[in-house]
Every structure is written in structure tokens, then in C-alpha cells.
Visitor: 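Structure in C-alpha cells, see below.
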2 protein chains.
Amino acid sequence: MTNAFKPLEREPAYLKVFKAIEARITDGSLKDGAFLPTEGELCDQFGVTRSTVREGLRLLEQTGLIVRGPAKKFYIRRPDSADIAAAASKSFALGGVTFREVWDTLASFYPAAAKLAATRLSDDDIAQLKAVRAALEAAGAKDHEATVAGAVEFFQHIARGLDNRVMLALLQSLNLMIGESLRHVIAGAPQAKDRISSAQEKLIEAFEAGDEVRAGEWMAKHIDDLKRGYDVAGVDLNEKI
Amino acid sequence: MTNAFKPLEREPAYLKVFKAIEARITDGSLKDGAFLPTEGELCDQFGVTRSTVREGLRLLEQTGLIVRGPAKKFYIRRPDSADIAAAASKSFALGGVTFREVWDTLASFYPAAAKLAATRLSDDDIAQLKAVRAALEAAGAKDHEATVAGAVEFFQHIARGLDNRVMLALLQSLNLMIGESLRHVIAGAPQAKDRISSAQEKLIEAFEAGDEVRAGEWMAKHIDDLKRGYDVAGVDLNEKI
DNA sequence: GATTTTCGTATTGTCGGACAACCGGAATTT
DNA sequence: AAATTCCGGTTGTCCGACAATACGAAAATC
């Protein structure tokens with residue numbers, strides 16, 4: 001019997017609202033920065049009640065497609081890499097990934113990123129890296145927070161300098177995760193600051209020289225070094241983040 | 001004047017509902033698979049109306065923390081890598097990233113992943129890779145869909161075999177994005193299937209031998225080859241996905 | 001005339017109640 | 001025992017309402 005009726009999926013109205021608005025954002029008819037109509041107007045346009053519209057708006061909100069502007073009105077915003085990264089790392093945390101998984105990923109991906117960085121970082125990017133390193137040097141040896149911040153910021157600037165939003169988002173979500181775990185490591189590893197700083201120095205040199213191979217090698221060493229800090233600090237790599 | 005009052009953030013009740021439930025999921029007091037109370041019960045417990053509760057539920061729903069079960073009831077589910085990947089790649093699409101960005105990322109990250117795969121894939125994983133390749137071989141030369149599917153599935157299995165959820169999610173979101181773009185390339189590149197298949201063969205050999213270096217090299221070649229297909233197909237790499 | 005104050009209005013956040021549609025399971029029939 | 005019917009619980013949607021807030025314009029002040 002071929003003339004059976006289709007499953008007839010009924011889709012809740014709030015989902016339709018969500019998809020309708022989402023579609024108009026993706027196809028560009030609602031441009032970035034434009035204000036969304038008020039809830040009341042949306043009710044009229046969609047022919048549903050405010051409760052329903054509001055449920056749809058909550059979906060858009062969580063997706064990151066709209067944010068609250070002045071006067072509480074919503075406006076359109078395409079999610080940027082930072083949002084993607086934040087959402088991803090949050091999900092990871094919920095999923096209970098281990099330190100080992102994060103570090104393994106770092107060790108695999110960042111050397112490759114460093115290679116690319118050697119060919120792609122601008123003079124300005126490199127200057128910023130130097131600034132980050134200088135700030136790290138200036139910080140007190142016992143200032144663990146500054147050490148963590150310096151290490152993470154260095155990664156951040158490299159990711160940003162790659163001029164690639166996909167890579168940026170992926171690396172940023174890693175950066176968010178290592179920030180937390182580095183804190184544990186550094187407090188328990190005495191000369192962490194010096195080792196980090198000297199690795200950064202070598203990396204900057206490689207970037208300046210445009211030396212891909214050296215950049216990749218030093219990044220690998222740098223990360224390996226950070227990871228080794230776990231043993232020193234006595235942290236179990238299989239612990240959940 | 002230092003004693004000014006701070007902005008005094010008042011957060012909407014629906015956000016509190018969201019955070020409250022989210023917290024109980026993350027801290028484990030609501031376990032994976034458990035059913036959420038009904039909307040009515042939540043109203044009683046939180047002391048708010050259903051409209052409010054429902055807005056909170058929509059947030060949880062979009063975050064991927066809860067899904068609908070039988071009888072429409074919600075149950076708890078920790079987002080897995082596929083969800084993270086899907087969400088991320090969707091956001092990327094909205095952000096209007098270019099093919100070039102995706103391919104650059106592929107070219108940077110996948111060779112590193114292949115190296116790891118050489119040391120980590122189980123015999124079972126490799127058997128599956130062989131199966132994927134066999135299916136690709138069996139497909140007709142003109143069956144572009146099968147070719148795309150074969151190429152993407154090969155990537156998928158590698159990612160899954162790495163035994164690392166973070167890497168899996170990141171690579172999966174890349175896989176989702178290349179699927180679409182590969183379709184364009186392959187239709188316009190005659191011997192794409194053969195080249196893909198032979199690259200897969202070399203990769204499998206390297207994986208079996210546990211030869212990291214060779215695996216990385218062939219993966220780099222493989223991706224480079226796919227990318228070159230763009231020229232042949234006449235696709236502009238700077239086009240948005 | 002420029003600045004401050006006041007005030008009205010639009011919008012959001014929340015409420016309470018209402019009803020149809022739907023699902024699952026119990027009660028009933030066959 | 002199997003199929004059918006029925007019923008209560010739950011969701012999806014609607015309506016109407018109100019307080020709180022934020023904005024912009026009108027009014028008052030200097």
C-alpha cells in the first residue's frame with residue numbers, strides 16, 4: 001500500500017517561530033545588528049500568542065543568534081568564535097571530559113597551529129606576543145594567576161593571529177579548558193614561570209623567522225612541558241575537568 | 001565616589017529556572033537518563049507559572065541538556081560529541097566562514113590526528129576503515145553521493161578511533177562542514193574517487209604498521225588532494241559555506 | 001536656550017486560568 | 001489472551017491581566 005499517509009509530524013508552533021526567525025537570519029533578510037520586532041508585533045505576524053513567541057525567542061537566545069540590546073529589545077547577532085568556543089567548552093565540561101583528553105588534543109593541534117602561525121602572524125601579532133611575554137616576565141614568581149594568564153593569553157594571541165575563524169573557535173575552546181587546569185599545575189610547579197617564558201621566547205623567535213619547523217617543535221616542547229607539570233603537581237590526568 | 005551601588009543584576013525567573021536545573025544536572029543530582037518532573041510539578045517546586053517554567057525548559061532544550069522522551073516527558077541527557085559538533089558547525093555556517101578557512105583547518109589538524117591514529121586505532125577500528133573503503137570501491141564511478149559519503153565516513157571513523165572526546169567533537173564539526181563542500185568538488189572532479197580510494201589505502205597501511213610519520217604524510221597529501229579538487233571544479237575557496 | 005525633572009507609553013517579565021490534542025495505561029470487551 | 005475503549009495526566013497553545021522597567025517627549029527649572 002503506497003498511499004499510506006505520511007507520519008504527519010506535528011511541529012510545535014514555538015519551534016516554527018524559532019525556525020522562521022532563524023531562517024531569516026541565515027538568509028540575510030534580517031541583518032546583523034538589526035533589531036527584532038517586539039514580542040507583540042511578532043505575535044501579530046505569526047498569529048500566535050506571546051507565550052509561544054517567547055518560547056521561540058528563548059531558543060534563539062540560547063543559540064546565540066539574538067542578544068538583548070538597549071531597551072531590552074533583541075537584536076540579531078551572528079555568533080562569533082568566542083561564543084562557539086564558550087558553548088563548546090561548557091558542553092565538554094558537562095560531558096565530563098578528562099584532563100588527558102584536553103591535553104592530548106592540545107598536543108596534537110597546537111603544534112600544527114604554530115606551524116601555520118610562523119607563516120601567518122603579522123608583525124603586529126608578534127609584537128603583541130612579545131607584550132604578553134613581557135607582562136609575564138614582570139609578574140612576581142609567586143603570582144600564579146599572572147603566570148596562568150600569561151600562558152593562556154599567549155595561546156589566545158596565536159589563535160587570533162591565524163586569521164581563520166574556524167581554527168580560532170576550536171583553539172579557543174581548548175584555551176578555555178586549559179586555563180582552569182593550568183591553575184592547578186602551576187601552583188605546584190616551582191619554576192613553571194621560567195620554563196613557560198623561555199618557551200615563549202623560542203616560539204617568538206621562530207615566528208619572527210617564519211620558521212615553521214622550529215615553531216612546531218617548540219610548541220610541542222612547550223605543551224609537553226606543561227603536561228609534565230601534572231606529574232610534578234601530582235594531578236591525575238584522568239580526572240574530570 | 002567608591003560607595004556607589006553596583007548595577008544590581010536582577011535576573012529573570014526563567015533564567016533562574018534554567019540555571020537551577022542545569023546546576024542539578026552538572027552536579028549529578030539529576031542523573032543522565034532521569035526524567036524531569038512534569039511542568040506542573042516544576043511550577044510548584046519553583047513557585048512560578050508554567051509559562052515561566054516552559055521558557056526555562058526551552059533554554060535547557062536548546063542547550064542540549066534535556067530531550068523529549070516517550071510520553072513527551074523530558075529526560076536528562078548529557079550532550080555528546082555529536083551534539084557539540086552539530087551545534088558548532090551550525091554556528092559556523094551562520095557566521096559565514098569560507099571554504100578556505102575550513103580546509104586550512106583540516107590541513108592543519110587532520111595530519112596530526114592521523115599521527116595519533118597510527119598509534120591508537122584498534123584492529124577493530126582498522127577493520128571498519130577497510131569496510132568503508134571497500135564500500136567506496138564498490139560504488140559506481142558516477143555515484144557522487146557514495147563517494148562523498150565514503151570520504152567523510154573515513155574521516156569519521158578515524159576521529160572516533162582516537163578515543164578522545166574533545167578531539168572527536170572538534171574533528172566531527174569539521175567533518176560536518178566538509179561533507180557539504182566535498183559534494184561540490186567531487187561532482188566536478190572526474191577521478192576523485194580513485195584518488196580518494198588510493199589515499200585511503202595508504203593511510204590504512206600506515207595505521208596498520210603503526211607508522212605515525214607515514215600516516216601524517218599521507219593524510220596531508222590526501223587533504224591537499226581534496227583541496228586541489230576545488231581548482232578543478234572551479235569553486236572559489238573564498239565563498240561562504 | 002540648555003539642563004533637569006516629570007510623566008506617559010511601550011515593552012518585557014510574570015501571573016493565573018483555560019482548553020484541545022495527545023499519550024500511556026487501566027478497564028473493558030471480544 | 002488479545003483487541004478495544006476509556007480516562008487521567010501532560011503538553012501545546014491560547015487569552016487576558018498586571019507590575020516593573022526603560023525610553024522619549026513634554027514640562028519645569030536654571
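Just so we're on the same page: letters track the sequence lines, and every chain starts at 1. Here the structure is a predicted model, which means the values were calculated and not measured.
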Visitor: Nearest of D:dT11, C:dT12, D:dG12 to any side-chain atom of B:Arg58?
Guide: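 Of the candidates, D:dG12 comes closest.
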Visitor: Output the rounded distance in Å from CZ (A:Phe35) to P (C:dT12).
Guide: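 Whole-Å distance recorded here is 12 Å.
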Visitor: Calculate the interatomic distance between A:Glu39 atom CD and C:dT12 atom P; express it in whole Å.
Guide: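 Distance check: A:Glu39 CD to C:dT12 P gives 4 Å.
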Visitor: For A:Phe46 and D:dG12, what is the distance between atoms CZ and P respectively, to the nearest whole Å?
Guide: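 Distance check: A:Phe46 CZ to D:dG12 P gives 18 Å.
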Visitor: Rounded off to whole Å, could you give me the CZ-to-P distance for the B:Arg68 and C:dA21 pair?
Guide: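 So the two atoms are 19 Å apart, to the nearest Å.
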Visitor: So for atom NZ, which belongs to A:Lys227, do other residues, nucleotides or ligands contribute more than 12 heavy atoms lying within a distance under 6.0 Å?
Guide: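 Result for NZ/A:Lys227: enclosed.
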Visitor: Taking only residues at least two apart or on different chains, which pairs with a member in residues 161-173 of chain A satisfy salt bridge (charged side-chain N to carboxylate O under 4.0 Å, His left out)?
Guide: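 Residue pairs passing salt bridge (charged side-chain N to carboxylate O under 4.0 Å, His left out), neighbours aside: A:Arg165-B:Glu101.
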Visitor: Counting N and O atoms only, with roles assigned by atom type, does the side chain of A:Arg120 sit under 3.5 Å from a partner on the main chain of A:Leu162, one being a donor and the other an acceptor?
Guide: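 Checking the backbone N and O of A:Leu162 against the side chain of A:Arg120, a donor-acceptor pair under 3.5 Å is found.
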Visitor: Going by atom types only, do A:Ser29 and A:Asp27 share a side-chain donor-acceptor pair under 3.5 Å?
Guide: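 On atom types as modelled, these side chains qualify, holding a pair under 3.5 Å.
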Visitor: Can you check the A:Phe74 CZ to D:dA22 P distance for me, whole Å?
Guide: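 Those two atoms, CZ and P, are 15 Å apart.
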Visitor: Could you tell me how far apart A:Leu57 (CG) and D:dT13 (P) are, to the nearest whole angstrom?
Guide: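 These atoms are roughly 14 Å apart.
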Visitor: Does any N or O in the side chain of B:Asp80 come within less than 3.5 Å of the main-chain N or O of B:Asp83, such that one atom is a donor and the other an acceptor?
Guide: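 Yes.
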Visitor: Could you run down the sub-3.5 Å N/O contacts of the protein with nucleotides 14-17 of chain C?
Guide:
residue, atom, partner, partner atom, Å
C:dT14, OP1, B:Ala13, N, 2.2
C:dT14, OP2, B:Ala13, N, 3.3
C:dC15, OP2, B:Thr49, N, 3.0
C:dC15, OP2, B:Thr49, OG1, 2.9
C:dC15, OP2, B:Thr52, OG1, 2.9
C:dC15, O5', B:Thr49, OG1, 3.3

Visitor: List the atom pairs, with distances to 0.1 Å, where a side-chain N or O of residues 152-160 of chain B and a protein N or O form a donor-acceptor pair under 3.5 Å, not counting sequence neighbours.
Guide:
residue, atom, partner, partner atom, Å
B:Gln156, OE1, B:Asn175, ND2, 3.0
B:His157, ND1, B:Glu153, O, 3.1

